[in-house]
Participant: 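Starting off with a structure, shown below.
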Amino acid sequence: MIPQSSVRLDDVLTQVAKDKGIDKSILVATLEDAMKTAAKKHFGQDRNLEAKFEADKGVVEIFQAIQVVEKVEDPIQAVNQITTDQAQSRGMEVQPGDELVFQIFYRDEDAAEAKAQDEQYGDILGLKTFRRGFGRIAAQTAKQVLLQRTRDVERENVYNEYKDRKAEIVTGIARRLERGNLIVDLGRAEAVLPVREQVPREVYRPGDRVQAFVLDVLREAKGPQIILSRASVNLLTKLFEMEVPEIAEGIVVIEAAAREPGRRSKIAVSSRDGDVDPVGACVGIKGSRVQAVVQELRGEKIDIVEFDEDPARFVCAALAPAEVSRVIIDEANHAMEIIVPDDQLSLAIGRSGQNVRLAWQLTGWKLDINSESRVKEMREFASRSLGSLPGVSEMLVETLYAHGFRMAKDVADANPEVLSQIPGLDAARIPAMQEAARARLVSDAAELAELEKEREARRLEEQRKHPDQLTQDERLIRVTGIGSSNLQAFKLSGYTTVEDVVKEVDLTRLGNVAGIGIKKARQVKSAAERYLQEEAKKRAELDALKGKLPESGAPL
C-alpha cells in the first residue's frame, strides 16, 4: 500500500477531480489500475493481483488471490496456488478449490506488517526478495499513469464539449502566433485561427478579444483541435442571428448570404410575418443592429436586400445600389443579361467586379452586365451581321436575337435542328445560311475589333476630360447614386450641382425630396464628397500635365 502523508490521498483526488472537471471515480479506477500494473511489473506478470483504494485510510492496498489445490501441476500458475498440506501446516482449515486472499505489504522502511507476513507466509507468497523498493516504484508509476489519464480525460471532455458547438460563435483571447496561425484561449481549451481563415488587414495582439465561428472540431492524438474562422460567411449570418431577435425567433429568415471578408457582404432576408419589414428589422433603429455587426467585422460594408421569389427582381435587388433598366433571362443556362444606364455601369459592376460578383454568389445566377449604349451597339452590329445572311428579314433578325443569336458566328456554330425550331426560319435555307455565316466570320471579327478600339478610345477620352469641361449635369451623374433616371428629381429639388448635395445637412430632406430614402441619401452625400476629392485630384494632375506640355507650335 502507499503510505499516508500529511495530505490525504482521497483529498488530493477530490481536488484534482474538481479542478479538472473529471469524475472522481475515473481517477480512483485509474489509480487502482496503475498500482496493479506496477505490482505486476515488480512481482511478476503471472501473479493474480488486485488493487483497491481505501478512501478512509487514504491508501491503495494490493492483494493476491491464492487457489487451494491438491497438487500444483502447472509451473506457471505455481505463484497463484497452494496445496492443502501447505495451508493446513499453517493452521488454515481449507479445502481444494478454496481461494485465499493475502494483502501484500511493502518492505519500505522495514514495515512491521511486511516482516510479520514474511515470517508466516513468506515461502507461500515468495515475495521476500521483491518487496524492498516497491513502494517508491509504485508511487512513481501511479503518478505517471494518473497524470496521463488526467490529460486524456481532459482532452476527451474538451472534445465532447466543443464537438456540439460546431457551427457556433465562440469568444476567446488571442495568445500567440504560430507560423501565422493565431492561437486563441477559450478558457478550458485552446483553438486555432488558421491563416486561411483570417481576414486580411485584421491584426491581433496577445490579450485581444477574438470572436469567431467554430468551423470544425477534430479529434487529434495530441488532443482535440478546434478550428476557428473569421472569414466564413457563416460568421456574418450568426452575428445577425445574435443581434436581430426576429431572426432568432424565426420571423425573419436569412435566405442567402455572400461575403468577401474584410471588404463587403450582402445578405438577402425575408419575413414570415407581413407586418414585419425584414430589412428594417436587420438594420434596427438608426442602424443600431447592422452597425453592431459592422463593428464586429471591423468596418466591413454590409448590404441588406429583401429576398424575392421572382429571380429577376431578386437579382435587381442584389445589384443595389445600382439601378437596372432591363433583365433578359436565359433559363437554359441559368444566366441573366442585366442592362443598366451608362452612368450606372461602374456602380453595378463595382470596384474590381465586387458588386456583381457578390450578387452572383447571393442569387446563384450567372450575370452579364451591359450598359444601354453597349446593348444598342450590340443590336446594331447583330442587325448588320445577321441581316446579311440570305433569307433573313428584319423581323427574323429580331427573332434570332431574342433566341440568343448575336452574330453570324452563332448561326454558323448552331445545330441545324436547333435553327429549324426557330419560328419563321425555313429549314431548307439553313445550309445556305450557315455557309454564308461561315464566310462572314473574318469581316465580323474585324468589325468587332474596330468597335472595341472605338470604345477604348472613348473611355480614355472620358478619363482625360478636364473637370472644367463637364457640365453640372455631367458632374452630377458621375456621383454614385445619381443617374440619368433620377437626375431631374435632384434638380427639381434644388440640387443642381455636386456642391449642393455636399452642403446639405438635412439628410431627411435630401432623402424625401429626391425620393431615395434616408439611407441612400447618406450614401449619395458620401459619394458626392468622394467625387469632389477625386475631381480636385484629377484637376491638379491634368493641370500639372498641361504645364509640362509645349505650347501650340513650339518644337517638341
Side-chain angles (χ1 to χ4, degrees), residues 311-312 315-316 319 322 324-346 348-350 352-353 356-357 359-360 363 365-464 484:
V315 166
C316 291
L319 286 170
V324 177
S325 299
R326 299 190 304 280
V327 177
I328 300 174
I329 302 177
D330 180 2
E331 293 185 355
N333 297 310
H334 203 66
M336 291 189 191
E337 182 182 0
I338 309 298
I339 303 168
V340 300
D342 287 20
D343 56 277
Q344 296 285 302
L345 182 62
S346 59
I349 295 174
S352 302
V356 66
R357 191 163 53 248
W360 162 64
T363 62
W365 285 76
K366 298 176 184 177
L367 304 178
D368 181 20
I369 299 182
N370 289 306
S371 65
E372 290 181 339
S373 61
R374 176 69 183 273
V375 170
K376 181 181 178 182
E377 191 178 83
M378 289 169 60
R379 290 188 71 88
E380 291 174 351
F381 172 76
S383 181
R384 292 193 298 273
S385 179
L386 296 173
S388 67
L389 303 180
V392 178
S393 63
E394 185 176 342
M395 184 178 295
L396 187 53
V397 168
E398 292 297 323
T399 304
L400 287 168
Y401 192 90
H403 281 77
F405 293 87
R406 298 293 185 263
M407 63 181 74
K409 183 178 184 301
D410 297 336
V411 175
D413 295 340
N415 189 313
E417 293 182 2
V418 174
L419 290 173
S420 64
Q421 296 176 6
I422 295 177
L425 185 58
D426 187 355
R429 296 183 179 181
I430 291 176
M433 281 180 56
Q434 290 191 304
E435 184 65 30
R438 283 188 282 270
R440 190 176 170 83
L441 294 180
V442 176
S443 60
D444 274 0
E447 185 176 348
L448 284 174
E450 187 62 31
L451 288 173
E452 187 62 34
K453 285 183 181 179
E454 291 177 3
R455 281 195 295 269
E456 183 64 17
R458 289 196 298 270
R459 187 183 67 82
L460 291 175
E461 183 181 356
E462 187 68 22
Q463 285 184 340
R464 294 168 182 164
S484 55

Participant: Would you please name every residue forming a ring-ring contact (aromatic ring centres under 6.0 Å, His included) with Trp360, sequence neighbours left out?
Facilitator: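 Trp360 satisfies ring-ring contact (aromatic ring centres under 6.0 Å, His included) with no residue once adjacent residues are dropped.
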Participant: With rounding to the nearest 0.5 angstrom, report the CG to CZ distance, Asp413 to Arg438.
Facilitator: 8.5 Å
Participant: Who passes side-chain contact (heavy atoms from CB on, under 4.5 Å) against Glu452, sequence neighbours left out?
Facilitator: Arg455
Participant: Partners of Glu398 by salt bridge (Lys or Arg N to Asp or Glu O under 4.0 Å), sequence neighbours excluded?
Facilitator: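 Salt bridge (Lys or Arg N to Asp or Glu O under 4.0 Å) check on Glu398 returns Arg379.
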Participant: CD/Gln344 to CD1/Ile338 distance, rounded to the nearest 0.5 angstrom?
Facilitator: 13.5 Å
Participant: Would you confirm whether Ser385, through its side chain, and Phe381, through its main-chain N or O, come within 3.5 Å as a donor-acceptor pair?
Facilitator: no
Participant: Any salt bridge (Lys or Arg N to Asp or Glu O under 4.0 Å) pairs touching residues 367-376, not counting sequence neighbours?
Facilitator: none
Participant: Can you name the side chain to side chain donor-acceptor pair (under 3.5 Å) partners of Arg429, sequence neighbours left out?
Facilitator: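 Arg429: no side chain to side chain donor-acceptor pair (under 3.5 Å) contacts found.
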Participant: Does Ala414 offer a backbone N or O that forms a donor-acceptor pair with the side chain of Gln434 under 3.5 Å?
Facilitator: yes
Participant: Run the side-chain donor-acceptor check on residues 399-407: report pairs under 3.5 Å with partners two or more places apart or on a different chain.
Facilitator:
unit_1	atom_1	unit_2	atom_2	d
Thr399	OG1	Met395	O	3.1
His403	ND1	Thr399	O	2.8
Arg406	NH1	Tyr401	O	2.6
Arg406	NH2	Glu337	OE1	3.4

Participant: Can you tell if the side chain of Thr363 reaches within under 4.5 Å of the side chain of Met336, non-hydrogen atoms only?
Facilitator: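 Of all side-chain heavy-atom pairs linking Met336 with Thr363, none is under 4.5 Å.
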Participant: Applying side chain to side chain donor-acceptor pair (under 3.5 Å), name anything that partners Asp426, two or more places apart in sequence or on another chain.
Facilitator: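 With neighbours one apart ignored, the set is empty.
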Participant: Among residues at least two apart in sequence or on other chains, which ones pass salt bridge (Lys or Arg N to Asp or Glu O under 4.0 Å) with Asp444?
Facilitator: Arg440
Participant: Considering all heavy atoms of both residues, which atom of Leu425 and which atom of Leu419 are nearest to each other, and what is their separation?
Facilitator: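 Taking Leu425 first and Leu419 second, the nearest heavy atoms are CD2-O, 3.1 Å.
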Participant: Please, which pairs that meet salt bridge (Lys or Arg N to Asp or Glu O under 4.0 Å) have at least one residue in residues 325-334, sequence neighbours excluded?
Facilitator: none
Participant: How would you list, by chain and number, every residue that makes a side-chain contact (heavy atoms from CB on, under 4.5 Å) with Ala439, sequence neighbours excluded?
Facilitator: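 Not a single residue meets the side-chain contact (heavy atoms from CB on, under 4.5 Å) criterion with Ala439.
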Participant: So which heavy atom on Pro416 is nearest to which on Ile430, and how close?
Facilitator: O-CD1, 3.7 Å
Participant: So if I apply the side-chain contact (heavy atoms from CB on, under 4.5 Å) rule between Leu367 and each of Val356, Ile349, Val327, which one comes out positive?
Facilitator: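 For Leu367, the side-chain contact (heavy atoms from CB on, under 4.5 Å) check succeeds only for Val356.
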Participant: Partners of Glu417 by salt bridge (Lys or Arg N to Asp or Glu O under 4.0 Å), sequence neighbours excluded?
Facilitator: none
Participant: side-chain contact (heavy atoms from CB on, under 4.5 Å) with Ala348: which residues, sequence neighbours excluded?
Facilitator: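 If we apply the side-chain contact (heavy atoms from CB on, under 4.5 Å) test to Ala348, skipping adjacent residues, the hits are Ala322, Val340, Ile369.
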Participant: Counting distance only, does the side-chain N/O of Asp342 pair as donor-acceptor with the main-chain N or O of Ser373 below 3.5 Å?
Facilitator: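 Between the backbone of Ser373 and the side chain of Asp342 there is a qualifying donor-acceptor contact (under 3.5 Å).
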Participant: Show the nearest heavy-atom pair for residues Pro431 and Ala427, with the distance to one decimal.
Facilitator: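 Shortest heavy-atom contact: CD-O, 3.8 Å.
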Participant: Please find the pair of heavy atoms, one from Ala408 and one from Ala437, that lie closest to each other, and give the distance.
Facilitator: O-CB, 3.3 Å
